[in-house]
Chemist: 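Starting off with a structure, shown below.
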2 protein chains.
Amino acid sequence: MSLTIGELSRQTQVKVPTIRYYEQIGLLAEPTRTEGQQRRYRPEDVRRLNFIRHARELGFEVEAIRQLLGLAGDPDRSCGEVHDITKAHLEEVKDKIARLTALRDELETMVTCDHRRISECRIIEVLADHGQCQHLEH
Amino acid sequence: MSLTIGELSRQTQVKVPTIRYYEQIGLLAEPTRTEGQQRRYRPEDVRRLNFIRHARELGFEVEAIRQLLGLAGDPDRSCGEVHDITKAHLEEVKDKIARLTALRDELETMVTCDHRRISECRIIEVLADHGQCQHLEH
DNA sequence: TCTTGAACCTCTAGCCACTAGAGGATGTAG
DNA sequence: CTACATCCTCTAGTGGCTAGAGGTTCAAGA
């Protein structure tokens with residue numbers, strides 16, 4: 001009927017210390033305990049933890065997941081807020097991609113350096129000289 | 001002739017606590033001090049700190065920068081190692097872009113959800129259900 | 001019933017690259 | 001000589017875990 005933390009871990013692919021961490025920060029409710037203080041979980045905890053895992057895999061921050069979990073428990077509400085959170089996250093991801101793409105192009109130019117001496121190395125030059133690339137952030 | 005930490009900060013756009021942090025982890029050498037223990041920098045410290053800043057802007061990790069700084073000080077050496085470090089970093093950046101692009105596509109499908117009730121929300125469904133997207137890491 | 005040992009428990013500290021803040025000292029311009 | 005911007009050190013916090021110490025519990029097999 002009830003699962004140990006290890007069984008929950010196996011079913012969700014979330015590591016045991018991570019489960020305890022999620023409990024500590026309030027993403028997972030405190031489960032019941034045996035007399036010896038070991039945690040015992042119910043099947044619905046598997047569902048909740050899977051939800052959390054999927055959201056983390058999609059790059060949602062813990063704070064966003066906390067909000068999504070709150071909203072998800074309210075079936076009659078409009079999902080506008082869920083949409084907004086996801087959209088905001090999508091925009092962040094797009095931003096990151098844009099910045100990394102600029103970075104990639106810069107690095108690709110740099111690695112065309114053909115193994116001369118350090119004193120003529122294009123990479124070292126780019127790094128040592130001025131800030132042509134001040135627009136880049138990370 | 002010599003610069004205060006604030007002047008160094010202004011010239012390099014690196015924040016004062018960050019400069020002290022770089023000293024602490026050994027990226028910057030300990031500068032001379034006034035009698036009152038305030039740091040005083042030489043112009044070459046500006047160059048070194050600019051090098052560090054450029055490398056950070058390009059996403060190099062501190063460990064990589066430590067190596068690059070070591071190599072940069074050796075003008076007659078071949079820049080093969082510099083090339084390798086940069087190439088490895090480039091590959092990491094490409095990897096990140098690939099993962100984020102997969103994420104973006106997944107999120108874009110999700111946000112096509114058209115504001116129904118939570119109980120029919122596509123986003124919540126994706127998060128709650130299965131792991132079609134187990135291949136995604138972040 | 002007892003023993004073994006895998007799995008559990010709590011607690012603290014570490015990772016990266018900073019950032020923030022407390023509480024006090026220094027240095028320079030007027 | 002005073003005011004006050006800037007400097008100093010030290011500690012703790014950020015996010016999302018992960019690792020390890022040192023001890024306890026539980027279930028299966030003898």
Side-chain angles (χ1 to χ4, degrees), chain A residues 1-28 30-41 45 49 51-69 89 92-93 96 99 103 136-138, chain B residues 1-28 30-41 45 49 51-69 89 92-93 96 99 103 136-138:
Chain A
M1 221 71 319
S2 67
L3 307 166
T4 67
I5 197 168
E7 287 159 350
L8 179 62
S9 169
R10 250 163 272 131
Q11 287 196 30
T12 57
Q13 305 280 64
V14 175
K15 287 179 192 156
V16 168
T18 305
I19 296 173
R20 287 197 276 250
Y21 169 71
Y22 286 160
E23 178 183 329
Q24 189 189 308
I25 63 171
L27 269 195
L28 284 177
E30 295 184 17
T32 55
R33 302 268 189 152
T34 62
E35 280 184 17
Q37 289 308 105
Q38 296 198 356
R39 292 167 177 83
R40 288 298 179 270
Y41 294 91
D45 294 317
L49 187 49
F51 186 102
I52 296 170
R53 179 172 65 87
H54 296 323
R56 287 294 301 134
E57 281 171 353
L58 287 165
F60 285 97
E61 293 180 3
V62 164
E63 259 322 292
I65 297 175
R66 209 187 292 278
Q67 293 176 46
L68 289 172
L69 280 166
H89 176 45
E92 279 168 26
V93 169
K96 248 184 217 162
R99 278 181 279 123
L103 225 62
L136 295 176
E137 280 162 35
H138 41 112
Chain B
M1 224 67 321
S2 67
L3 307 166
T4 67
I5 197 168
E7 287 159 349
L8 179 62
S9 169
R10 251 163 272 130
Q11 287 197 28
T12 56
Q13 305 280 66
V14 176
K15 288 179 193 157
V16 168
T18 305
I19 295 173
R20 287 196 276 250
Y21 169 71
Y22 286 159
E23 179 183 327
Q24 189 188 307
I25 62 170
L27 269 194
L28 284 177
E30 294 183 16
T32 55
R33 302 267 189 152
T34 62
E35 280 184 17
Q37 289 309 105
Q38 296 198 358
R39 290 168 178 83
R40 289 298 180 269
Y41 294 91
D45 294 318
L49 187 49
F51 186 102
I52 295 170
R53 179 171 65 87
H54 297 323
R56 288 293 301 134
E57 281 171 352
L58 287 165
F60 285 96
E61 292 180 4
V62 164
E63 259 322 293
I65 297 175
R66 208 186 292 279
Q67 292 176 46
L68 289 172
L69 280 167
H89 177 45
E92 279 168 27
V93 170
K96 250 183 214 161
R99 277 181 280 124
L103 225 63
L136 295 175
E137 280 163 35
H138 41 110

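Predicted model, so just to flag it, every value in this text is computed and none were measured. Chain A is the first sequence line, chain B the second, and so forth, proteins listed ahead of strands; every chain is numbered from 1.
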Chemist: Under a 4.0 Å threshold between the charged nitrogen and the carboxylate oxygen, would B:Glu92 count as salt-bridged to B:Lys96?
Modeler: no
Chemist: Mind calculating the distance between CG (B:Leu27) and C1' (C:dC16) to the nearest angstrom?
Modeler: 13 Å
Chemist: Calculate the interatomic distance between B:Glu35 atom CD and D:dC7 atom P; express it in whole Å.
Modeler: 18 Å
Chemist: Please give, in whole Å, the distance from D:dT18 C1' to A:Ile25 CD1?
Modeler: 14 Å
Chemist: Is any side-chain nitrogen or oxygen of A:Arg33 closer than 4.0 Å to OP1 or OP2 of C:dT10?
Modeler: yes
Chemist: Among the candidates C:dC18, D:dT18, D:dG16, find the nucleotide nearest to the side-chain atoms of A:Glu61.
Modeler: D:dG16
Chemist: Once you round it to whole Å, what is the distance between C1' of C:dG24 and CD of B:Gln37?
Modeler: 15 Å
Chemist: Any side-chain heavy atom of B:Phe51 within less than 4.5 Å of one from B:Leu68?
Modeler: yes
Chemist: Rounded to whole Å, please give me the gap between CG in A:Leu8 and P in C:dC8.
Modeler: 10 Å
Chemist: Is there a side-chain polar atom (N or O) of B:Thr34 under 4.0 Å from OP1 or OP2 of D:dC7?
Modeler: no
Chemist: Can you figure out which of D:dC7, D:dA27, C:dC18 approaches the side chain of B:Tyr21 most closely?
Modeler: C:dC18
Chemist: Consider the side chain of B:Tyr22, meaning its heavy atoms from C-beta on, and name the nucleotide among D:dC17, D:dC7, C:dC18 that approaches it most closely.
Modeler: C:dC18
Chemist: State whether B:Thr18 places a side-chain N or O below 4.0 Å from either non-bridging phosphate oxygen (OP1 or OP2) of C:dA17.
Modeler: no
Chemist: Can you tell which of D:dC17, C:dC8, C:dT10 lies closest to the side chain of A:Gln38?
Modeler: C:dC8
Chemist: Closest approach to the side chain of B:Ile5, judged atom by atom: which nucleotide of D:dT18, D:dC8, C:dC8 is it?
Modeler: D:dC8
Chemist: What closest approach, in Å, do A:Tyr22 and A:Arg56 show between heavy atoms, and which atom pair accounts for it?
Modeler: OH-CG, 3.7 Å
Chemist: Given D:dC7, is OP1 or OP2 found less than 4.0 Å from the side-chain N or O atoms of B:Arg39?
Modeler: no
Chemist: Is a side-chain donor or acceptor of A:His89 paired with a backbone partner of A:Leu58 at a separation under 3.5 angstrom?
Modeler: yes
Chemist: When the distance from OH of B:Tyr41 to P of D:dC7 is rounded to whole Å, what number comes out?
Modeler: 10 Å
Chemist: Between B:Glu7 and B:Gln24, which is nearer to the 5' end of DNA chain D once each is assigned its nearest nucleotide?
Modeler: B:Glu7
Chemist: What is the separation between atom CD on B:Glu23 and atom P on D:dC10, rounded to the nearest whole Å?
Modeler: 12 Å
Chemist: Using a cut-off of strictly less than 4.0 Å, decide whether B:Arg56 has a side-chain nitrogen or oxygen near OP1 or OP2 of C:dC18.
Modeler: yes
Chemist: Going by the side-chain contact (heavy atoms from CB on, under 4.5 Å) test, name the single residue among B:Glu23, B:Arg39, B:Arg10 that passes it with B:Ile5.
Modeler: B:Arg39
Chemist: Nearest whole angstrom, please: distance from the P of C:dA17 to the CG of B:Leu28.
Modeler: 15 Å
Chemist: Below 4.0 angstrom from OP1 or OP2 of C:dC8, is there any side-chain N or O of A:Thr4?
Modeler: yes
Chemist: For A:Glu7 and A:Thr4, indicate whether the former's side chain and the latter's backbone hold a donor-acceptor pair under 3.5 Å.
Modeler: yes
Chemist: Is the distance from OP1 or OP2 of D:dC17 to the nearest side-chain N or O of A:Lys15 less than 4.0 Å?
Modeler: no
